[in-house]
Amino acid sequence: MNRLMLASAAGLLGFYLLFSAVPAYLGDGMSAGLATGALMLGTVLLELAVPWLLSRYGYRRVLSAGLLLLGPPSFALPIHELVLPISLLRGAGLGIVVVAGTALVAELVPAERRSEGLGLYGVAVGVPSIIGLPLGLWAGDHLGFVPIFLVAGLVPLAGLAAARGLPDLRPAPRQHQKSGGLAAPIAVFGAITLAAGVAITFLPLATSPKLASAALLAQSILTPAARWWAGRHAGTRWLAPSVLAAAAGIGLLFWSAEPVAVVAGMALFGAGFGVAQNLTLTLMFERGEAGRVSALWNLAFDAGMGVGALGLGVVMGVTGYPLGFALVAVVVLAALPLTGNRRPSMVR
């Protein structure tokens with residue numbers, strides 16, 4: 001488990017160092033949008049393929065391939081003509097790492113402690129975003145982009161060393177899976193990730209950059225912390241409260257001119273988001289094969305973020321930001337009936 005966390009954290013740190021730095025390096029909105037689009041296209045395409053790859057080649061080889069795609073291609077980013085194909089390759093690496101890493105947690109941790117393992121793993125993959133996003137922008141501005149490209153290419157190679165010590169497992173087949181049992185947690189999680197995409201994309205436009213940065217920092221810290229807490233202490237009965245917390249947090253952004261409301265709202269949303277991440281994964285792993293569950297969950301994550309950023313942008317152009325955030329809160333609340341009334345799972 002420790003080797004897996006090191007490998008995944010190294011790969012994701014290499015990813016987050018460049019997530020905002022590459023658009024800043026390109027300098028214009030069209031090029032930046034194309035690069036991010038290529039990145040996410042590669043991610044989604046490989047997420048769909050990872051369950052098959054895992055069954056054929058096993059976790060160690062597939063995760064190692066993902067780290068290789070995330071790392072060394074970054075060395076060629078100073079060549080502008082290669083930015084789009086490199087972004088596609090790095091997105092493919094991201095898709096592999098997030099799906100294979102999450103699925104391997106379910107294989108390595110006993111079922112009775114799976115929620116706790118997922119919570120701990122959530123911290124390991126959450127910290128790179130807290131460090132990498134601001135550091136990549138700062139380094140690009142103060143040191144130049146070439147050094148950060150080199151560092152971002154080397155960091156996943158450190159993860160490759162950890163991945164070589166992983167067991168050579170393949171996904172274990174599951175018997176007696178519950179038919180249709182994955183749809184409800186996917187829908188609940190998708191509604192909350194949609195709200196996350198809206199908040200991350202539009203909060204900096206709805207308020208001052210300084211206030212938005214503080215609020216997003218609060219959210220990025222609370223999300224992995226809440227995911228860890230849920231893994232240790234929360235049964236699945238906490239899924240409904242997590243949806244309520246996420247909806248209330250986004251709803252507070254209606255008062256986007258009020259600093260306290262904005263920071264408190266994003267902190268509350270981050271807490272709900274983190275708990276929902278852990279509990280939806282736990283429910284899904286109880287009902288399906290690890291590789292398939294991880295692929296579907298990560299697809300819900302990426303699709304929700306994308307729909308939130310793109311689709312709700314059209315709505316907010318008509319309603320304005322405050323009312324738009326309120327409407328998103330209603331969308332999240334609409335998922336509440338899908339949480340059901342469940343007894344708490346054993347998590348320790």
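Throughout, numbering of the chain's residues begins at 1 and tracks the sequence.
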Nearest heavy-atom approach of Ala106 to Ala290 is CB-CB, 4.2 Å
Using the rule that Ile, Leu, Val, Met, Phe, Trp and Tyr join whenever any side-chain heavy atoms are under 4.5 Å apart, tell me whether Val98 and Leu299 fall into a single cluster. no
Roughly how far, to the nearest 0.5 Å, is the OH atom of Tyr59 from the CG atom of Leu53? 12.0 Å
Residues pairing under side-chain hydrogen bond (donor to acceptor under 3.5 Å, both in side chains) where one sits in residues 151-168, two or more places apart or in two chains, turn out to be none
Which pairs count as side-chain hydrogen bond (donor to acceptor under 3.5 Å, both in side chains) when at least one residue sits in residues 121-139, sequence neighbours excluded? Ser8-Tyr121, Trp138-His142
Checking side-chain contact (heavy atoms from CB on, under 4.5 Å) for the pair Arg90/Leu94: CA distance, chi angles, key distance, verdict? CA-CA 6 Å; Arg90 295 184 67 249; Leu94 176 66; over 6 Å; no
Spacing of CG belonging to Leu296 relative to CG belonging to Leu281, to within rounding of 0.5 Å: 11.0 Å
Please report the interatomic distance CH2(Trp297) to CE(Met284), rounded to the nearest 0.5 Å. 9.0 Å
So, taking the atom named CG in Leu169 and the one named CG in Leu104, what distance separates them when rounded to the nearest 0.5 Å? 6.5 Å
Sequence neighbours excluded, the answer for ring pair (Phe, Tyr, Trp, His ring centres under 6.0 Å) partners of Phe273 is Phe269, Phe301
Working to the nearest 0.5 Å, report the span between CZ of Arg113 and CG of Leu120. 9.5 Å
Can any side-chain N or O of Glu258 pair as donor or acceptor with the backbone N or O of Ala261 at less than 3.5 Å? no
Could you go through Leu77 and Val22, starting from their C-alpha distance and side-chain angles, then the distance that decides it, and tell me whether this counts as side-chain contact (heavy atoms from CB on, under 4.5 Å)? CA-CA 9 Å; Leu77 281 171; Val22 168; 4.1 Å; yes
So do Leu34 and Leu84 actually touch side chain to side chain, heavy atoms under 4.5 Å? yes
Closest non-hydrogen contact found for Ile192 with Ala276 is CD1-CB, 3.6 Å
Leu323 reachable from Val330 in the ILVMFWY side-chain graph, under 4.5 Å edges: no
Any chain of hydrophobic side-chain contacts (each under 4.5 Å) joining Leu135 to Ile221? no
Provide the closest heavy-atom pair for Leu63 versus Ala100 in the form atom of the first, atom of the second, distance. CD1-CB, 4.3 Å
Can you give me every donor-acceptor pair (side chain of residues 40-50, partner residue at least two apart or in another chain, under 3.5 Å) with its distance?
| residue | atom | partner | partner atom | Å |
| --- | --- | --- | --- | --- |
| Thr43 | OG1 | Leu39 | O | 2.9 |
| Thr43 | OG1 | Gly91 | O | 3.0 |

In short, Arg227 meets Val125 closest at the heavy-atom pair NH1-CG2, 4.2 Å
Side-chain touch Phe285/Leu118, heavy atoms, less than 4.5 angstrom: yes
Check: Thr223 side chain, Ser220 main-chain N or O, donor-acceptor pair, under 3.5 Å: no
Kindly work out whether a path of hydrophobic side-chain contacts (I/L/V/M/F/W/Y, heavy atoms less than 4.5 Å apart) joins Leu17 to Leu217. no
Check: Ile131 and Tyr16 side chains under 4.5 Å, non-hydrogen atoms: no
Go through it in stages, so that I can follow the logic: the residues are Leu182 and Leu283, the test is side-chain contact (heavy atoms from CB on, under 4.5 Å), and I'd like the CA-CA distance, side-chain angles, deciding distance and then a yes or no. CA-CA 8 Å; Leu182 302 179; Leu283 283 170; over 6 Å; no
N/O donor-acceptor pair under 3.5 Å between Arg170 side chain and Arg56 backbone: yes
Give a yes or no on this: more than 12 heavy atoms of other residues, nucleotides or ligands lie within 6.0 Å of atom CZ of Phe19. no
Between CZ of Phe202 and CD1 of Ile200, what distance do you get to the nearest 0.5 Å? 11.5 Å
Could you tell me whether a side-chain N or O of Asn278 sits under 3.5 Å from a main-chain N or O of Ser115, the two making a donor and an acceptor? yes
Which atoms form the tightest heavy-atom contact between Pro224 and Gly122, and what is the distance? CB-O, 4.0 Å
Closest heavy-atom pair, Ala9 versus Ala124, reported as atoms and distance to 0.1 Å, is CB-O, 3.5 Å
Heavy-atom side-chain contact between Thr282 and Arg114 under 4.5 Å: no
Considering only heavy atoms from C-beta outward, does the side chain of Phe15 approach that of Pro128 to under 4.5 Å? no
Mind jotting down which residue pairs meet the ring-ring contact (aromatic ring centres under 6.0 Å, His included) criterion with at least one end in residues 61-91? Sequence neighbours excluded, please. Tyr25-His80
Do the non-hydrogen side-chain atoms of Leu154 and Val151 ever get within less than 4.5 Å of each other? no
Expected list for residues 240-256: side-chain donor-acceptor pairs under 3.5 angstrom, two or more places apart:
| residue | atom | partner | partner atom | Å |
| --- | --- | --- | --- | --- |
| Ser242 | OG | Leu239 | O | 2.6 |

So do Glu107 and Pro167 actually touch side chain to side chain, heavy atoms under 4.5 Å? no
Hey, quick one: are Val260 and Val262 part of the same hydrophobic cluster, counting side-chain heavy atoms closer than 4.5 Å, chains of contacts allowed? no
Short side-chain to backbone donor-acceptor contact, Arg60 and Leu166, under 3.5 Å: yes
With Val198 as reference, evaluate Leu203, Thr193, Val328, Val331 under the side-chain contact (heavy atoms from CB on, under 4.5 Å) test and give the passing residue. Val328
